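Just below is one structure, and these are the notes that go with it.
Numbers here simply count residues along the sequence, with the first being 1. Given the structure is predicted, the values throughout are model-derived calculations rather than measurements. Counting starts at 1 for both ligands and their atoms, following the listed order.
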Amino acid sequence: MENIIRKGIAFETKQLKEFDKLIKKRGYKNRSEAIRDIIRKELIEESISAPEKKMMASLTIVFDHHKHNLQHKLTHIQHKTNIIKSTLHIHLNCDDCMEVLILEGKVKDIKKFSDHILAQKGVKHGKLVFTGV
Ligand code: NI
């Protein structure tokens with residue numbers, strides 16, 4: 001890793017014990033990596049609050065493709081935007097499909113697009129996850 005700076009952090013004894021238990025459970029090899037992950041997560045959370053910030057995101061949806069016109073509507077919404085980088089479609093069973101959309105764009109555009117998709121009748125479940133580096 002490049003540009004690593006070592007800094008000391010003060011913990012309460014009990015807090016550190018609890019933290020060590022947690023990171024062991026989650027499979028971290030050391031505290032530094034766990035703390036860096038927590039910081040990254042917080043920085044991404046902060047970025048999401050800035051509407052103009054450019055981010056990557058994935059939108060996962062499960063929908064009933066028998067629902068009248070739904071597949072057509074979802075495709076139509078997707079064709080009207082330029083934030084989609086890639087899509088994955090899986091036929092889960094006789095009725096349900098799962099789609100994962102990889103999105104790149106301004107936070108406000110990603111949220112608006114996601115809200116529009118999730119609001120369609122017949123979309124049973126969905127989750128938008130932002131990420132970044
Ligand atoms: Ni399908």
Side-chain angles (χ1 to χ4, degrees):
M1 263 181 267
E2 55 189 52
N3 299 324
I4 292 286
I5 301 169
R6 289 190 175 277
K7 292 281 179 188
I9 303 173
F11 291 93
E12 292 167 17
T13 312
K14 194 182 166 212
Q15 190 180 48
L16 187 60
K17 271 187 191 166
E18 291 293 316
F19 186 64
D20 283 345
K21 259 197 252 173
L22 178 73
I23 65 176
K24 194 180 171 193
K25 192 175 149 192
R26 294 197 180 165
Y28 285 102
K29 290 207 172 71
N30 57 59
R31 286 178 193 145
S32 293
E33 187 52 34
I35 290 167
R36 282 196 293 270
D37 269 7
I38 290 167
I39 291 171
R40 279 186 210 111
K41 188 179 160 199
E42 287 304 313
L43 290 173
I44 287 170
E45 288 299 319
E46 182 60 25
S47 297
I48 295 167
S49 64
E52 298 293 327
K53 177 101 178 168
K54 275 205 163 188
M55 296 280 286
M56 298 289 300
S58 65
L59 175 64
T60 302
I61 54 169
V62 173
F63 60 95
D64 182 348
H65 77 111
H66 291 310
K67 257 301 190 249
H68 182 64
N69 219 17
L70 179 59
Q71 178 83 67
H72 176 75
K73 264 194 224 161
L74 293 175
T75 305
H76 183 67
I77 294 167
Q78 292 182 32
H79 273 273
K80 284 199 298 184
T81 184
N82 61 0
I83 64 170
I84 301 171
K85 294 287 136 191
S86 184
T87 62
L88 175 69
H89 185 111
I90 298 156
H91 313 301
L92 291 180
N93 53 42
C94 293
D95 306 317
D96 299 316
C97 301
M98 177 178 169
E99 268 184 21
V100 181
L101 311 175
I102 308 299
L103 311 170
E104 183 180 23
K106 288 180 181 176
V107 168
K108 64 175 184 184
D109 295 332
I110 290 174
K111 281 183 177 170
K112 192 179 167 193
F113 171 79
S114 172
D115 286 345
H116 196 184
I117 292 279
L118 295 173
Q120 298 306 308
K121 201 175 172 187
V123 176
K124 294 175 172 177
H125 180 251
K127 194 165 174 66
L128 177 67
V129 176
F130 280 96
T131 191
V133 284

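- Counting heavy atoms from C-beta on, the side chains of Lys121 and Leu70 never come closer than 4.5 Å.
- Side-chain atoms of Lys108 and Glu52, non-hydrogen and from C-beta on, do get closer than 4.5 Å to each other.
- Vertex the Ni ion (ligand 1); arms to His89 NE2 and Cys97 SG; angle rounded to 10 degrees, 100°.
- Within His91, the N/O/S atom positioned nearest the Ni ion (ligand 1) carries the name ND1.
- In this structure, the side chains of Glu18 and Lys21 come closer than 4.5 Å at one or more pairs of heavy atoms.
- Among the atoms of His65, no N, O or S atom falls under 2.8 Å of the Ni ion (ligand 1).
- A perpendicular orientation is assigned to the rings of Phe63 and His89, their planes being inclined by more than 60° (bins at 30° and 60°).
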